[in-house]
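The structure appears right after this line, and notes come after that.
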Amino acid sequence: MECRKEPRLKANQPVIVSSFGLMPMPPVSGRTLDVSGSGLRLRLPNPIPCGSPVKVEAEHMVLLGEVSRCQFEGGCYIVSLMIPQSGPISRTAS
């Protein structure tokens, strides 16, 4: 039974993820799995601790969020992010 508040849309886009919290880590490449109005799920090669603030960069946008879940699955880490409602930051020049 689905208990989510918002629908999730499948996504498969390359991203670069940087963690800048108490334990900053170098940027890593990953892929989006799905996206909703308030969250994002990623496939990454490395774990990121829950509660870590992160920056997700894609081709035309930058998102800031916080890791809410990180699980090892199928040889990689599935990382769920909470994204604030302020929306993405566009990468296009004005």
Side-chain angles (χ1 to χ4, degrees):
M1 180 177 180
E2 183 67 38
C3 296
R4 299 188 191 281
K5 295 177 187 174
E6 303 171 313
R8 289 187 175 257
L9 303 173
K10 295 288 182 195
N12 185 19
Q13 182 175 12
V15 293
I16 303 293
V17 180
S18 304
S19 172
F20 53 90
L22 294 175
M23 299 175 63
M25 58 181 265
V28 295
S29 296
R31 294 199 79 79
T32 57
L33 294 174
D34 56 46
V35 62
S36 72
S38 63
L40 184 64
R41 205 163 54 111
L42 307 170
R43 176 181 293 124
L44 300 174
N46 304 332
I48 301 177
C50 288
S52 296
V54 294
K55 176 173 70 171
V56 179
E57 298 178 79
E59 186 176 357
H60 296 289
M61 69 178 176
V62 175
L63 296 170
L64 301 176
E66 182 180 306
V67 176
S68 59
R69 177 181 279 181
C70 182
Q71 294 178 242
F72 187 74
E73 184 179 304
C76 61
Y77 291 88
I78 306 302
V79 178
S80 298
L81 305 178
M82 291 185 300
I83 305 295
Q85 294 298 319
S86 60
I89 300 167
S90 173
R91 296 186 106 196
T92 58
S94 321

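Given the structure is predicted, the values throughout are model-derived calculations rather than measurements.
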Hey, what do you get for [atom1] ([X]) to [atom2] ([Y]), rounding to the nearest 0.5 Å?
X     : Y     : atom1 : atom2 : answer
Cys50 : Met82 : SG    : CE    : 9.0 Å
Asp34 : Arg43 : CG    : CZ    : 10.5 Å
Asn46 : Ser29 : CG    : OG    : 10.0 Å
Leu33 : Gln13 : CG    : CD    : 12.0 Å

Applying side-chain contact (heavy atoms from CB on, under 4.5 Å), name anything that partners Pro27, two or more places apart in sequence or on another chain.
Ile16, Ser18
What pairs with Pro14 under side-chain contact (heavy atoms from CB on, under 4.5 Å), at least two apart in sequence or on another chain?
Arg31
Run the numbers on Leu44 and Leu42 for side chain to side chain contact (heavy atoms under 4.5 Å, CB included), then give the verdict.
CA-CA 6 Å; Leu44 300 174; Leu42 307 170; 4.2 Å; yes
Per side-chain contact (heavy atoms from CB on, under 4.5 Å), Leu40 is matched among Val79, Thr32, Val54 by Thr32
What verdict does the side chain to side chain contact (heavy atoms under 4.5 Å, CB included) test give for Met25 and Ile48, after you've listed the backbone C-alpha separation in whole Å, the side-chain angles of each residue and the deciding distance to 0.1 Å?
CA-CA 9 Å; Met25 58 181 265; Ile48 301 177; 3.6 Å; yes
Between Lys55 and Leu63, is a side chain to side chain contact (heavy atoms under 4.5 Å, CB included) present by the stated rule, with each step listed?
CA-CA 6 Å; Lys55 176 173 70 171; Leu63 296 170; over 6 Å; no
Which residue pairs pass the side-chain hydrogen bond (donor to acceptor under 3.5 Å, both in side chains) test when at least one of the two sits in residues 63-74, sequence neighbours left out?
none
Going by heavy atoms in the side chains, are Cys70 and Pro47 under 4.5 Å from each other?
yes
